[in-house]
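Taking it in order: structure first as structure tokens, then the write-up.
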Amino acid sequence: MTDVHVIGIRSKTKLTAKVLREAKNLLVVGCFCIGTNQVDVEFAAAHGIAVFNSPFANSRSVAELVIAEIITLARQLGDRSNEMHAGTWNKVSAKCWEVRGKTLGIVGYGHIGSQLSVLAEAMGMSVIYYDVVNLMAMGTAHQVATLDQLLNEADFVTLHVPELPETKDMISGPQLAQMKDGSYLINASRGTVVDIPALINAMRSGKIAGAALDVYPNEPRANGDYFTSNLNGFEEDLRSVKNIILTPHIGGSTEEAQRAIGLEGMFNPLLHIRATLTNRRC
């Protein structure tokens with residue numbers, strides 16, 4: 001019997017059609033992450049290669065990160081911490097808020113968005129969400145009909161959508177203008193979803209009071225001093241903005257999530273191999 005092969009990859013590894021074409025006995029690909037956009041899935045499907053991802057494993061970790069960022073932005077904790085590290089004591093309460101009673105707008109109500117909804121309500125926030133399909137609400141959250149309605153009503157907007165042609169620059173100048181004055185934007189989905197230069201301008205004008213970005217259009221392929229303007233061109237301007245949290249794509253970077261991703265990412269591929277070999281023997 002011909003040997004069959006399985007490949008497990010993380011989000012930075014690209015399996016293009018050129019790569020897959022050389023994998024003569026490849027049966028299945030396991031993606032240890034939420035998405036499969038790093039794999040040419042059309043080529044894989046046409047050549048009988050199954051592609052699996054890990055859509056559930058890190059959703060809690062991402063939701064908890066967003067909760068932490070909501071509180072951090074509302075209290076300007078990042079700026080106060082940076083000031084203290086520089087030796088400056090700056091005790092202020094102006095434009096610092098409790099999150100209780102504020103409205104959280106969730107764009108994309110999937111595994112992460114729905115878990116986030118429950119956590120936010122537990123802290124006393126009102127939750128609205130927008131999705132391209134009708135989805136059952138968790139708790140007392142309710143779905144709104146349009147993205148503009150969500151942007152008009154939310155104090156905090158958080159994005160949880162996949163990278164698709166229709167989500168590219170989903171939040172750009174016109175959408176930022178629709179947001180409430182002094183509102184906050186969080187993106188822990190994909191780097192292409194937010195027009196970051198437009199966000200910088202909106203923050204400098206005071207329209208947007210704070211933002212948190214965990215993802216970027218182009219990201220370094222390794223740890224190190226690589227987050228420079230050679231990457232996207234806006235990095236220096238981005239670092240100059242006040243009350244902005246910049247993290248290196250760590251939404252799912254917890255011990256628990258990584259363990260679950262490893263188990264989930266391999267379990268389904270192994271089941272697929274077992275079923276395939278059983279069918280061949282039959």
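Quick caveat, the model's predicted, so the values are computed rather than measured.
Residues V66 and H160 are in side-chain contact: their nearest non-hydrogen atoms beyond the backbone lie under 4.5 Å apart. Within the 4.5 Å cutoff, no side-chain heavy atoms of T103 are placed close to those of K180. Between S126 and L104, every side-chain heavy-atom pair lies at or beyond the 4.5 Å cut-off. Looking only at side-chain heavy atoms (C-beta outward), Q76 and K95 come within less than 4.5 Å of each other.
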**Message:** Using side-chain hydrogen bond (donor to acceptor under 3.5 Å, both in side chains), reason through E256 and S61 one step at a time and then give a plain yes or no.
**Reply:** CA-CA 8 Å; E256 294 89 347; S61 294; 5.4 Å; no
**Prompt:** Do V193 and E163 pass the side-chain contact (heavy atoms from CB on, under 4.5 Å) test, and can you show the C-alpha distance, the side-chain angles, and the key distance before you say yes or no?
**Reply:** CA-CA 7 Å; V193 174; E163 183 177 9; 5.9 Å; no
**Asked** Could you walk me through whether E69 and T158 pass the side-chain contact (heavy atoms from CB on, under 4.5 Å) check?
**Response** CA-CA 10 Å; E69 290 174 334; T158 181; over 6 Å; no
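Residues L116 and M170 share a single hydrophobic cluster, defined by chaining ILVMFWY side chains whose heavy atoms lie under 4.5 Å apart. Residue L77 is not grouped with residue F156 when hydrophobic side chains (ILVMFWY) are merged at heavy-atom distances under 4.5 angstrom, including chains of intermediate members. Cluster membership check: L150 shares its hydrophobic cluster with L199, using side-chain heavy-atom separations under 4.5 Å among Ile, Leu, Val, Met, Phe, Trp and Tyr. In this structure, L213 is a member of the same hydrophobic cluster as I71, with clusters built from ILVMFWY side-chain heavy atoms closer than 4.5 Å. V215 is not connected to I200 by any chain of hydrophobic side-chain contacts under 4.5 Å among Ile, Leu, Val, Met, Phe, Trp and Tyr, and they are in different clusters.
Between the side chain of E236 and the main chain of S229, no donor-acceptor pair closer than 3.5 Å is present. Between the side chain of E121 and the main chain of V127, no donor-acceptor pair closer than 3.5 Å is present. Panel note: side chain D40, backbone L15; no donor-acceptor pair is recorded below 3.5 Å. For Y129 (side chain) and L135 (main-chain N/O), a donor-acceptor pair under 3.5 Å exists by modelled atom type. Judged by distance alone, with hydrogens and angles left aside, the side-chain atoms of T167 form a donor-acceptor pair with the main-chain N or O of P162 at under 3.5 Å. The backbone N or O of G78 lies less than 3.5 Å from no partner atom in the side chain of S81, so there is not a single donor-acceptor pair.
Shown here is N90, whose CG atom has more than 12 heavy atoms of other residues, nucleotides or ligands within 6.0 Å. Residue-environment remark: NE2 (H142) exceeds the threshold of 12 foreign heavy atoms within 6.0 Å. Around the NZ atom of K242, the shell of radius 6.0 Å holds no more than 12 heavy atoms that belong to other residues, nucleotides or ligands. Counting non-hydrogen atoms of neighbouring residues, nucleotides and ligands closer than 6.0 angstrom, the CZ atom of R80 exceeds 12 such neighbours. Atom NZ of K18 has 12 or fewer neighbouring heavy atoms from other residues, nucleotides or ligands inside a 6.0 Å radius.
Among all heavy-atom pairs drawn from Y130 and V132, the shortest one is OH-CG1, 4.2 Å. S189 and V161 make their closest contact through CB-O, 3.3 Å (heavy atoms, listed as atom of the first residue, atom of the second, distance). What you find for N243 and M203 is that their closest heavy atoms are O-CE, 3.7 Å. Closest heavy-atom contact between M179 and Y184: CE-O, 3.6 Å. Nearest heavy-atom pair, N58 versus A257, reported as atom, atom and distance to 0.1 Å: CB-CB, 3.7 Å. Considering all non-hydrogen atoms of both residues, A154 and G105 come closest at CB-N, 3.6 Å.
Under the rule for a side-chain contact (heavy atoms from CB on, under 4.5 Å), the partners of P220 that lie at least two apart in sequence or sit in another chain are Y226, L231. In this structure, the side-chain hydrogen bond (donor to acceptor under 3.5 Å, both in side chains) partners of H249, at least two apart in sequence or on a different chain, are E219. Applying the salt bridge (Lys or Arg N to Asp or Glu O under 4.0 Å) test to R204 and every residue at least two apart in sequence or in another chain returns D237. Under the side-chain contact (heavy atoms from CB on, under 4.5 Å) criterion, M84 pairs with W89, sequence neighbours left out. Applying the side-chain hydrogen bond (donor to acceptor under 3.5 Å, both in side chains) criterion to K207, with sequence neighbours excluded, gives D181. For the salt bridge (Lys or Arg N to Asp or Glu O under 4.0 Å) test, residues two or more places apart in sequence or in another chain that qualify with E98 are R100. Under the salt bridge (Lys or Arg N to Asp or Glu O under 4.0 Å) criterion, E42 pairs with no residue, sequence neighbours left out. Scanning for side-chain hydrogen bond (donor to acceptor under 3.5 Å, both in side chains) contacts around N218 gives N232, with sequence neighbours left out. Here S114 pairs with Y109, M138 under the side-chain contact (heavy atoms from CB on, under 4.5 Å) rule; sequence neighbours left out. Remark: Q143 pairs with no residue by the side-chain hydrogen bond (donor to acceptor under 3.5 Å, both in side chains) rule, at least two apart or across chains. For K102, there are no salt bridge (Lys or Arg N to Asp or Glu O under 4.0 Å) partners, not counting sequence neighbours.
In this structure, the separation between CD1 on I245 and CD1 on I70 is 10.0 Å, given to the nearest 0.5 Å. Summarising the geometry, atom CD belonging to E235 is positioned 8.5 Å from atom CG belonging to N230; distances are rounded to the nearest 0.5 Å. Note: I67 CD1 to T72 OG1 = 11.0 Å, rounded to the nearest 0.5 Å. The CG atom of L20 lies 9.0 Å from the NE2 atom of H47; values are rounded to the nearest 0.5 Å. Going from atom CG of L73 over to atom CG of L185 covers 9.5 Å, rounded to the nearest 0.5 Å. L238 contributes atom CG, which lies 6.5 Å from atom OH of Y216 (distance to the nearest 0.5 angstrom).
Within the structure, no pair that satisfies the salt bridge (charged side-chain N to carboxylate O under 4.0 Å, His left out) test touches residues 125-153, not counting sequence neighbours.
The pair E64-R60 counts as a salt bridge, with a side-chain nitrogen and a carboxylate oxygen less than 4.0 angstrom apart.
The side-chain contact (heavy atoms from CB on, under 4.5 Å) test with I171 singles out one residue from L151, I196, N187, D195, and that residue is L151.
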